[in-house]
J.: 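What follows is a structure written as structure tokens; I'll ask about it next.
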Amino acid sequence: MDLGNDNELVETIFQVTRGEQHFIQKRLKQHHLNMRQAQTLNFISHHPGAIQKELSRYLGKPEATTANIIKALEARDLISRQITKDNERQKQLFLAPEGQVLVQSVRQIFIDLEERVSIPVTSEEKQVLLSLLTRIQTTADFEP
């Protein structure tokens with residue numbers, strides 16, 4: 001969709017994002033993962049022992065959706081749930097050995113993407129771009 005110059009920044013960001021998503025999805029598919037599953041593995045690797053509610057907040061998804069993601073990953077022996085000592089109803093999330101190996105492959109996908117995206121810019125330009133995008137992210141009002 002091209003609306004002329006009125007939205008060239010938004011359109012360019014959209015096109016870059018779409019290219020990134022295609023790159024990521026294609027590589028995750030080789031590991032039989034979708035984006036939410038990969039994000040879940042990455043979150044658990046950085047927050048071992050987290051509970052479902054924390055993961056739901058991170059993913060921005062309802063707890064029922066998060067429960068389905070957890071079940072799918074657990075069925076593949078990528079994560080495990082362990083009952084907490086303080087509360088028998090809460091279960092902590094941990095990466096299983098296979099999940100620990102797979103999360104390294106997932107991280108490599110993002111490292112590869114970072115390298116590809118960084119090729120056409122100098123390190124100084126990258127820092128300026130990061131600064132500008134961070135400012136947009138923190139100040140833009142994305143609520144309808």
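Just the heavy atoms: all of them, side chains too, but no hydrogens, waters or symmetry mates, feed the values below.
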J.: Taking all heavy atoms of R116 and all of F23, pick out the closest pair and write down the distance.
T.: NE-CE1, 3.2 Å

J.: If I take atom CG from residue N42 and atom CD from residue Q37, how far apart are they, to the nearest 0.5 angstrom?
T.: 13.5 Å

J.: With the side chain counted from C-beta on, respond yes when N34 and L28 share a heavy-atom pair under 4.5 Å apart, and no when they do not.
T.: no

J.: Checking the side chain of S118 only, and the main-chain atoms of E115 only, is there a donor and an acceptor separated by less than 3.5 Å?
T.: no

J.: What heavy-atom pair brings H31 and R76 nearest, and what distance separates the two atoms?
T.: O-NH2, 3.1 Å

J.: When you group the ILVMFWY residues by side-chain heavy-atom contacts below 4.5 Å and let the links chain together, are L93 and I83 in the same group?
T.: no

J.: Distance-only, no hydrogens or angles: does the S131 side chain make a donor-acceptor pair with backbone N or O of Q127 under 3.5 Å?
T.: no

J.: Could you verify whether a donor N or O on one side chain and an acceptor N or O on the other, from R18 and Q15, lie under 3.5 Å apart?
T.: yes

J.: Side chains of L73 and L33: closer than 4.5 Å at any heavy-atom pair?
T.: yes

J.: Given side chain to side chain donor-acceptor pair (under 3.5 Å), test R107 with S45 step by step and report yes or no.
T.: CA-CA 11 Å; R107 285 186 182 142; S45 76; 2.5 Å; yes

J.: Are the side chains of Q92 and R81 in contact, using a 4.5 Å heavy-atom criterion?
T.: no

J.: Do you reckon V128 sits in the same ILVMFWY cluster as L9, going by side-chain contacts under 4.5 Å, direct or chained?
T.: no

J.: Drop me the distance from Q100's CD to I44's CD1, to the nearest 0.5 angstrom.
T.: 11.0 Å

J.: Check T134 against L130 and note the closest heavy-atom contact, atom names and distance.
T.: OG1-O, 2.7 Å

J.: Please, which pairs that meet salt bridge (charged side-chain N to carboxylate O under 4.0 Å, His left out) have at least one residue in residues 118-130, sequence neighbours excluded?
T.: E114-K126

J.: I would like to know whether F110 and I24 meet side-chain contact (heavy atoms from CB on, under 4.5 Å); could you show each step before the answer?
T.: CA-CA 8 Å; F110 287 90; I24 293 165; 3.4 Å; yes

J.: Should L113 and I109 count as side-chain neighbours, where that means a heavy-atom distance under 4.5 Å?
T.: no

J.: Starting from V16, can I reach V121 by hopping between I/L/V/M/F/W/Y residues whose side chains sit under 4.5 Å apart?
T.: no

J.: Say whether Q39 and R36, considering side chains only, have a donor N or O and an acceptor N or O under 3.5 Å apart.
T.: yes

J.: Which pairs of donor and acceptor atoms, one on a side chain in residues 53-65, lie under 3.5 Å apart (sequence neighbours left out)?
T.:
from : atom 1 : to  : atom 2 : distance (Å)
E54  : OE1    : I51 : N      : 2.8
S56  : OG     : Q52 : O      : 3.2
S56  : OG     : T66 : OG1    : 2.8

J.: How far apart are the closest heavy atoms of A50 and F43, and which atoms are they?
T.: CB-CE2, 3.7 Å

J.: Would you say that more than 12 heavy atoms from the other residues, nucleotides or ligands in this model lie under 6.0 Å from the NE2 of H22, or not?
T.: no

J.: Nearest 0.5 Å, what's the OG-CZ distance between S105 and R27?
T.: 13.0 Å

J.: Kindly compute the distance separating CG (L41) from CD (E98), expressed to the nearest 0.5 Å.
T.: 11.0 Å

J.: How far does CG of L95 sit from NE2 of H47, to the nearest 0.5 angstrom?
T.: 12.0 Å

